Colleague: 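A single structure is presented below for examination.
Naming convention: chains lettered A, B, ... in sequence-line order (proteins, then strands); numbering from 1 in each chain. Only this structure's heavy atoms are used, side chains among them; waters, hydrogens and symmetry mates stay out. All of these numbers come straight from a predicted model, not from anything done at the bench.
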Protein chains: 2
Amino acid sequence: MARNKQYHQFLRQCGLKVTSTRLLVLDVLMSTRTALSHSDILDKTRGSRLDKVTLYRTLNTFITHGIAHKVASEDRNWLYALHPIDRNNTVRDDHAHFICDQCERIYCLPVQTRNSMPAPESEEGFVIRTHEYRLHGICPQCH
Amino acid sequence: MARNKQYHQFLRQCGLKVTSTRLLVLDVLMSTRTALSHSDILDKTRGSRLDKVTLYRTLNTFITHGIAHKVASEDRNWLYALHPIDRNNTVRDDHAHFICDQCERIYCLPVQTRNSMPAPESEEGFVIRTHEYRLHGICPQCH
DNA sequence: GATTTTATTGCAACTTTGTTGCATTTTAGG
DNA sequence: CCTAAAATGCAACAAAGTTGCAATAAAATC
């Protein structure tokens with residue numbers, strides 16, 4: 001199936017209208033392994049005259065509809081990425097983030113959903129529901 | 001030893017000059033279990049006419065000197081906390097963050113430094129050095 | 001205690017990131 | 001094709017954080 005038709009289907013499946021902005025942003029986010037900032041995305045779509053407000057709204061719509069997430073960068077901004085999607089077009093949100101200490105790019109990496117979650121030391125009263133991992137090191141690009 | 005003298009010694013030990021701003025900020029951060037935003041700290045030190053730029057600089061100085069760290073909140077700001085310090089006045093930076101999904105406060109919790117780190121699934125080329133955990137759930141205050 | 005050097009501070013002004021309001025345009029259902 | 005609702009684009013705004021520079025404070029030395 002052509003990529004565009006796939007995106008159309010995916011958006012409808014998520015309860016979202018198909019618009020050219022959304023197709024564009026999906027394409028950009030799909031095209032890279034790293035999380036991107038708002039200005040990264042604007043740069044990559046320069047020719048399309050994408051409005052910055054529309055981009056913020058689109059990203060926030062993807063987040064509230066559970067198809068994307070945002071990670072804080074070391075700077076004053078957020079980085080955005082789509083949730084990984086498995087073969088059945090099912091969105092998976094159980095993954096880790098890898099921050100390269102050299103180039104500062106952030107990757108989404110699948111993580112074994114084993115019972116490997118650390119437990120807080122003798123900390124009463126905290127009810128843990130979910131957990132996130134952030135890994136630091138050197139990425140393949142900088143290795 | 002009086003708390004103030006302890007803070008003096010601690011700052012000198014970290015290679016920092018003792019100033020009233022630093023003593024004040026240390027005291028505020030020491031006095032709570034949760035990470036605080038810049039404006040939280042300004043609120044708590046209202047009587048002391050602490051300048052906002054000075055506060056930003058002090059927090060950043062603590063971070064670069066390895067005695068504090070910042071965590072992104074869900075809002076557009078950073079939350080700041082001192083690194084936990086053990087009995088020997090040694091700074092420990094291996095801890096988890098617990099985000100309460102109800103009140104949105106962020107706690108620093110000690111975490112067992114076991115070999116519980118998840119490994120990325122078949123992801124070649126990533127050199128992992130450190131890891132961070134963020135736990136989500138309900139804190140004792142909201143339980 | 002005085003002097004000197006360097007770091008810190010306080011203020012105004014600025015920059016960057018993200019949001020709001022509203023009129024216009026687009027999407028999708030009928 | 002029509003209509004309703006959502007999405008968009010623009011100007012204006014808000015909030016968080018930074019920069020530049022003169023004044024002040026800390027600490028070392030004498």
Colleague: Any side-chain to backbone donor/acceptor pair from D51(B) onto V53(B)? Under 3.5 Å, distance only.
Modeller: yes

Colleague: Hey, would you say the H69(B) and H83(B) ring centroids sit under 6.0 Å apart?
Modeller: yes

Colleague: Please tell me which of N60(B) and L16(B) maps to the more 5' nucleotide of DNA chain D, matching each residue to the nucleotide holding its nearest heavy atom.
Modeller: N60(B)

Colleague: Could you state the atom-to-atom distance from CG of D51(A) to P of dG21(C) in whole Å?
Modeller: 17 Å

Colleague: Counting heavy atoms not belonging to H143(B), are there more than 12 under 6.0 Å from its NE2?
Modeller: no

Colleague: Among dC10(D), dA26(D), dT9(C), which is the nearest nucleotide to the side chain of T21(B)?
Modeller: dT9(C)

Colleague: What nucleotide among dT17(C), dT19(D), dT8(D) has an atom nearest to a side-chain atom of Y56(A)?
Modeller: dT17(C)

Colleague: So, does R22(B) use its side chain to make a donor-acceptor pair with the main chain of K17(B) at under 3.5 Å?
Modeller: yes

Colleague: Contact class for T54(A) (heavy atom, under 4.0 Å): base, sugar-phosphate, or nothing?
Modeller: base

Colleague: Answer yes or no: side-chain N or O of R76(A) and base N or O of dT17(C) forming a donor-acceptor pair under 3.5 Å.
Modeller: no

Colleague: Quick one, H38(B) and Y56(B) - any side-chain contact, counting heavy atoms below 4.5 Å?
Modeller: yes

Colleague: Would you say the side chain of K52(A) and the base of dG18(C) hold a donor-acceptor pair, judged only by whether the two atoms sit under 3.5 Å apart?
Modeller: yes

Colleague: I need the CD-P distance between E74(A) and dT18(D), as an integer number of Å.
Modeller: 13 Å

Colleague: Could you tell me whether N77(B) contacts a base, only the sugar-phosphate backbone, or nothing, with contacts defined as non-hydrogen atoms closer than 4.0 Å?
Modeller: sugar-phosphate

Colleague: K17(B) or Y80(B): which one's nearest nucleotide on DNA chain D is closer to the 5' end?
Modeller: Y80(B)

Colleague: Rounding to a whole Å, what distance do you find between L55(B):CG and dG17(D):P?
Modeller: 10 Å

Colleague: Taking any heavy-atom pair under 4.0 Å as a contact, classify D75(B): base, sugar-phosphate, or nothing.
Modeller: nothing

Colleague: Across the strands shown, which category fits S20(B) at heavy-atom distances under 4.0 angstrom: base, sugar-phosphate, nothing?
Modeller: nothing

Colleague: Could you check whether the side chain of R57(A) and the base of dG21(C) have a donor-acceptor pair of N or O atoms closer than 3.5 Å, going by distance alone?
Modeller: yes

Colleague: Assuming nearest nucleotide by heavy-atom distance, tell me which of T19(B) and K70(A) is located more 5' along DNA chain C.
Modeller: T19(B)

Colleague: Any side-chain N or O of T58(A) less than 4.0 Å from the OP1 or OP2 oxygen of dT8(D)?
Modeller: yes

